[in-house]
Amino acid sequence: MTAAARRQICTVTKRFYITTPIYYANDRPHIGHAYSTLLADVLARYHRLLGYEVFFLTGTDEHGQKVQQAAAKRGVSPQQQVDEFHQRFKELWQKLDVQYDRFIRTTDADHKEFVRSSMQELFDRGEIYEKEYEGWYSVGEERFFSDEELVDGKDPVTGNPVEWLKEKNYFFKMSKYQDALIKKLQDDPDFVQPDFRRNEVLGFLRNPLQDLCISRPRARLEWGIPLPFDEDFVTYVWFDALLNYQSGVIGKTFTDGAQVWPANYHIIGKDILTTHAVYWPTMLMAMGRPLPEHILAHGWWLSGGKKQSKSQGNVVNPLDYISKHGTDAVRYFLMREMVLGQDASFTDELFVSRVNSDLANDLGNAINRVSKFVQSHFDSRLPAPGKPGAAESALRKTAEEVSANTASMVQSMKLSFALEEIAGLVRAVNRYFDGRAPWKLVKSNAPDAREELGTVLYTAAEALRLALVLLTPVMPQRGRLGLAMLGAHEEPTADHLNWGRLSGGEALSNPEALFPRIETKPDEEDPAGLLDFRVAEIISAEEHPDAEALLVLKLQLGDETRTVCAGIRKVYQSTELPGKRVVLFANLKPAKLRGIESQGMLLAADAGAGPRLVDPGSLAHGTRLGFANIAPQPKAKATLKDFEKVPLQVISGQIRYRSAALGAGGVLVSSEAPDGTEVR
Ligand code: MSP
């Protein structure tokens, strides 16, 4: 090898090893399991995109009482049980497009051997001792609990009954490492994330740490890895399971020769925080092995306010959603909707609204608009850009910022926020497109109209290309299809995260419906259906002669004109309003305001600095607005009481009623007010 080649290899220092929990092979995977793995997959893909060499490990936890009992219940051997059930996870990962490097099973020969040698090592180092033990044992959690830990005499985690057990067992001297672990958590604040989980662990460590029972008598539990120093016992399932993170990559190196262990990230759910943030690091300390860099605990997917779990009977089957709406929509929803660390709700309504607004209306629509124009006016070849104007430079700046922000947010695990940024970029493209109105340029006879049209289409395509590259880790299939529809056919890499990758002349692949709208049966009972929201254009604006806060506006709605008194004088000058399009609550019962009849009310969002009118985008005056899933049946005369039953607020730049956004024909009303601002 030449020195240059060696230097080249040595410069590959960006390595990333990420793991998921290994799932019990006794159950069908549900959306909670799917989430942990998808999160790891998305993070792995982002790191690959950013130029990291990645190793991604997932698998199944196949020993222990749960599996033995599940097998006995079905009348099969534990081995048959796990051979069958681990397959369900593999199949799901394939359907969800999860690209792992190894699927480890704790029944794999190399894992079993590694567990035995690790046990022997601990035993030889004097870290394991034997003791007669009695206590409350929970079958579900496979561990003993002290009197204080029980809640109402029951397992504090599952609420199931516990049984009193007395037996000889082997113990790991975990207590010895209490101080070292506290020090680690204090010195390295990013070790356990998010921060409040780290505090939870530190809180737990304020009480004396017990030694850990790491064996189960074989007489009681046959299905496990026998202890190398006493074959009458098998290894406690958590001791066996945690070691997968190391056994899964034993002897494996990155191309620069560095060992894959230690992991950069262990992705886990908050339910298994103690085992990962207390048992696992102390085990590694006792064996003198390096600790993982970060442990990241995410929240739970809830439905009906409860954790999704089989025992609650409220599990969402990811496969149902995949077969109905496609893998990428499910991946997007899960990543977008859960703020890392917090719990989130999975409901059909939220799913439909998120997919329809972000993917069908915003992203799908933007790609379609650009590709259709290129198809009809440039023979499906992307035009080269002419000189950029102010709007082009502004969009480019937004796109470059979003690209840089996404990279840093992903590296600091702010995934849902990164997706929000990208969604903001897509909305900016739609606004740019509306503002530059290529449909007008097509009809224009001006000498440079065609060049300008080319510039607009190129700029919109390039900004969307960046958004799509940034979305490929979340939506690997649709993202690539979308890219091809804009003429970007290469596999995305770190080089594609900069502006200007498209140069013009690229052939666009045929347009297709990337993100079909999910149509649902409209609700005819909803109070929002009683309100008539319409787009109006302001013709004139004057100050109210008798009220300081009010402006008197003349509005055009289709063929109709109206007079409305609006309390917006603090924010708007009467001269800036004519020509502006606004949203009118049009069937509000007319009322006299200081002598002038007001025929409706304008919608505005007030984030503290006074009411700012919401923006109906490109929609024409007269257009009737509504919410997806809600059947319009406006009352002849609605009241403010009716309006109050429909609380509106700004979320992600849209005007939302619960999870539905206000709009018409795929175009949504927008506001620049921050999330949570009330609209009235
Ligand atoms: N086998 C152990 C983990 C051993 S890791 C060395 C285990 N397995 S499990 O099958 O119960 O899966 C647990 C993981 O699934 C949780 O930590 C979490 O990551 C995920 N989830 C299970 N239900 C969940 C939700 N309702 N919501 C989100 N994730 C949850 O524990």
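Keep in mind that what you see is a predicted model, and the values were worked out from it rather than measured. Counting begins at 1 with the first residue of the sequence.
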Which atom of A664 lies closest to which atom of T623, heavy atoms considered: CB-CG2, 3.8 Å

R354 and E337: CA distance, side-chain angles, deciding distance, salt bridge (charged side-chain N to carboxylate O under 4.0 Å, His left out) verdict: CA-CA 8 Å; R354 180 60 77 188; E337 208 65 29; 2.9 Å; yes

For L550 against C565, the heavy-atom pair lying closest together: CD1-CB, 4.2 Å

Candidate pair D434 and R369, rule salt bridge (charged side-chain N to carboxylate O under 4.0 Å, His left out), full reasoning: CA-CA 10 Å; D434 292 338; R369 292 167 101 185; 2.5 Å; yes

Check against side-chain contact (heavy atoms from CB on, under 4.5 Å), S540 and L553: CA-CA 6 Å; S540 69; L553 309 172; over 6 Å; no

Over 12 foreign heavy atoms within 6.0 Å of NZ, K570: no

Basic-acidic side-chain contact under 4.0 Å: E452, R436: yes

Separation between OG of S416 and CE of M409, rounded to the nearest 0.5 Å: 9.0 Å

Under 3.5 Å donor-acceptor, Y46 side chain and L470 backbone: yes

Backbone of Q573 reached by a side-chain donor or acceptor of E576 within 3.5 Å: yes

T327 side chain to Q477 side chain, donor-acceptor N/O pair below 3.5 angstrom: no

Step-by-step salt bridge (charged side-chain N to carboxylate O under 4.0 Å, His left out) determination, E490 to R501: CA-CA 10 Å; E490 292 168 31; R501 191 78 198 182; 3.0 Å; yes

D526/K645 ion pair, N-O < 4.0 Å: no

From D97, V410, V474, V98, residue fulfilling side chain to side chain contact (heavy atoms under 4.5 Å, CB included) relative to R45: D97

Test item: side-chain donor near acceptor, S353 and N356, under 3.5 Å: no

Minimal non-hydrogen separation, P492 against L483, with atom names: CG-CD1, 3.9 Å

Cation-aromatic face contact R427/Y432, 6.0 Å, 45 degrees: no

Short side-chain to backbone donor-acceptor contact, S412 and S408, under 3.5 Å: yes

Donor-acceptor contact present, side-chain S509 to main-chain A484, <3.5 Å: yes

Atom CD of E542 with >12 non-hydrogen neighbours under 6.0 angstrom: no

Pair E420 + R336, salt bridge at N-O below 4.0 Å: yes

Ionic contact status for R612 with D606, cut-off 4.0 Å: no

Distance-only side-chain donor-acceptor flag, R534 / N587, under 3.5 Å: no

Residues, nucleotides or ligands: over 12 heavy atoms within 6.0 Å of K414 NZ: no

For the student: nearest non-hydrogen atoms of F533 and V583, plus distance: CB-CG1, 4.3 Å

Salt-bridge criterion met for R48 and E53 (N-O under 4.0 Å): no

Test: R396 and E392 ion pair at under 4.0 Å: no

Distance in Å, L464 CG paired with L466 CG, rounded so as to fall on 0.5 Å steps: 9.5 Å

Donor-acceptor contact present, side-chain R381 to main-chain G504, <3.5 Å: no

Check: F333 ring centre within less than 6.0 Å of H325 ring centre: no

Derivation of the side-chain contact (heavy atoms from CB on, under 4.5 Å) call for L584 and M601: CA-CA 6 Å; L584 179 72; M601 181 178 94; 5.5 Å; no

Any side-chain heavy-atom pair of S503 and Y458 under 4.5 Å: no

CD/E512: more than 12 non-hydrogen atoms of other groups inside 6.0 Å: yes

F433 and W439 aromatic ring geometry - parallel, tilted or perpendicular at 30°/60° bounds: tilted

CE on M338 to CZ on F346, rounded to 0.5 Å: 11.0 Å

Between CG on residue L668 and CD1 on residue I655, distance to nearest 0.5 Å: 9.5 Å

Whether H544 side chain and L593 backbone form a donor-acceptor pair below 3.5 Å: yes

Neighbour count above 12 (heavy atom, 6.0 Å) for R658 CZ: yes

L38 backbone acceptor or donor facing R331 side chain under 3.5 Å: no

Beyond-backbone contact of E543 with E548, side-chain heavy atoms, under 4.5 angstrom: no

CA sep, side-chain torsions, deciding dist, call: L340, F417, side-chain contact (heavy atoms from CB on, under 4.5 Å): CA-CA 9 Å; L340 259 179; F417 296 103; over 6 Å; no

Gap between atom OG1 of T561 and atom NZ of K554 - 0.5 Å precision: 7.5 Å

Euclidean distance, N430 CG relative to N361 CG, rounded to 0.5 Å: 9.5 Å

Polar contact flag, side-chain donor to acceptor under 3.5 angstrom, E421-N405: yes

Shortest non-hydrogen contact from F643 toward V679: CZ-O, 4.2 Å

Exceeds 12 heavy-atom contacts within 6.0 angstrom, atom CD of Q94: no

Any donor-acceptor pair under 3.5 Å from S671 side chain to A673 backbone: yes

Under 3.5 Å side-chain donor-acceptor pair for D348 and Y321: yes

side-chain contact (heavy atoms from CB on, under 4.5 Å) evaluation trace for R562 with Q556: CA-CA 7 Å; R562 297 243 191 145; Q556 188 76 41; over 6 Å; no

CD (Q633) with more than 12 external heavy atoms under 6.0 Å: yes

Heavy-atom pair of closest approach, residues L441 and V456: CD1-CG2, 4.0 Å

T459 backbone acceptor or donor facing E462 side chain under 3.5 Å: no

Side-chain donor or acceptor of E506 paired with backbone N/O of L382 under 3.5 Å: no

